Amino acid sequence: MGMSANAALVMPADWRDFLALTKPRVMSLAIFTALCGMLVAPEPIHPTLGLAAIIAIALGAGACGALNQWLEADIDAKMRRTASRPLPAGRMERASALHFGVGLGVFSVLLLGVATNWLAAAVLAASIIYYLIIYTMWLKPRTPQNIVIGGAAGAFPPLIGWAAAMGDLSWGGDMVPTLPWLLFLLIFLWTPPHFWALSLFVRTDYANAGIPMLPVVAGEAVTRRHILLYTVPMAAAATLPWPMGYAGALYGVTACAMTLAFAVLAAHVALRTSGKGDAMAPEKRLFAFSIAYLFILFAAIVADHWIVLV
Amino acid sequence: MTHEPPFDMTEYRRRQAARARVMGLGLVALAALIFFVTIAKMGLAQ
């Protein structure tokens with residue numbers, strides 16, 4: 001091949017960069033909570049269709065990650081935490097990320113609709129649109145309350161899992177929420193303290209990128225108070241399945257113990273101020289614990305459900 | 001004046017081949033998934 005032909009060639013992105021575009025670690029939480037939503041549904045789903053549904057939800061979450069990185073490539077380049085992602089690092093063309101994300105998103109919705117039902121597919125489509133348009137494009141660059149409202153985007157997976165198994169998402173009579181909506185509420189109310197703990201120790205990154213996260217706009221003290229404040233409704237949502245009869249003592253005791261530990265860590269973060277060169281250990285501890293918290297609570301509700309069945 | 005490094009044709013071919021392999025495996029997995037979903041749906045319909 002001649003030199004002129006070589007000069008027109010663009011190095012294609014490595015397949016691992018496409019995988020990185022899907023944010024596999026974030027995807028794992030969506031997959032797990034969707035699986036739990038599916039497993040606690042009273043009607044068991046056919047295992048093959050359940051597997052197809054989980055693959056579809058994973059692909060939908062991957063599409064969100066890819067399109068989020070396509071939308072935020074300029075912002076990611078300004079933040080140390082995200083500067084090495086495929087787009088800001090220059091390892092991939094923007095158009096490739098867009099095509100990959102749109103293709104993955106459309107395919108995930110079609111697969112879920114074909115494998116299970118179109119209600120689940122519609123909720124998956126709504127969650128992708130909510131995450132990209134309401135959260136990423138609209139709220140995130142405009143308001144420090146971005147993750148309070150945007151948190152709903154990450155709360156959809158248990159609803160989708162339940163809808164895939166049941167084909168129904170009714171709220172329940174007398175304004176009493178059904179279990180999938182309680183699980184939705186739990187993730188929705190867990191998101192603010194989880195993300196604000198992160199934003200406290202990557203505050204400079206957000207400030208450099210011009211993202212109005214709470215610590216950047218309102219300061220550290222307000223953020224610390226908000227973390228503790230939002231832990232209260234989260235605790236209510238986490239423990240409610242027990243008194244409401246959706247779960248037994250296994251879940252109830254686990255939820256109470258884990259929520260107490262969460263509250264202690266949140267209180268520690270709320271009651272301190274950081275000095276110069278602070279390693280922000282309590283904030284990092286709360287962030288790491290909050291991830292384990294959600295995994296353990298969802299695992300406990302499934303275990304509780306299966307113990308009753310056995 | 002800056003000199004661009006020569007285009008690495010070996011790396012270019014390696015990435016093309018790796019992507020083709022991953023795409024091929026993905027398509028085989030997709031075909032298998034659609035097949036088993038169809039069988040499961042037919043079973044449920046009966």
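Protein chains get the first letters and strands the later ones, always in sequence-line order, with residue 1 at the start of each. Everything numeric in this text was worked out from a predicted model, so none of it was measured.
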Close approach to chain B in residues 110-136 of chain A, criterion heavy atom under 4.5 Å: A:Leu111, A:Val114, A:Ala115, A:Thr116
Residues of residues 22-31 of chain B near chain A, each having a heavy atom less than 4.5 Å away: B:Val22, B:Leu30
Partner of A:Trp15 under side-chain contact (heavy atoms from CB on, under 4.5 Å), picked from B:Arg15, B:Arg19, B:Arg21, is B:Arg19
If you define the side chain from C-beta out and look only at heavy atoms, does anything of B:Val37 sit under 4.5 Å from A:His46? no
Taking all heavy atoms of A:Leu9 and all of B:Tyr12, pick out the closest pair and write down the distance. CD2-OH, 3.4 Å
pair A:Thr48-B:Ile39: side-chain heavy atoms closer than 4.5 Å: no
Evaluate whether atom CZ of A:Arg80 has more than 12 neighbouring non-hydrogen atoms of other residues, nucleotides or ligands under 6.0 angstrom away. no
Which heavy-atom pair separates A:Met11 from B:Asp8 by the least distance, and what is that distance? CE-O, 3.5 Å
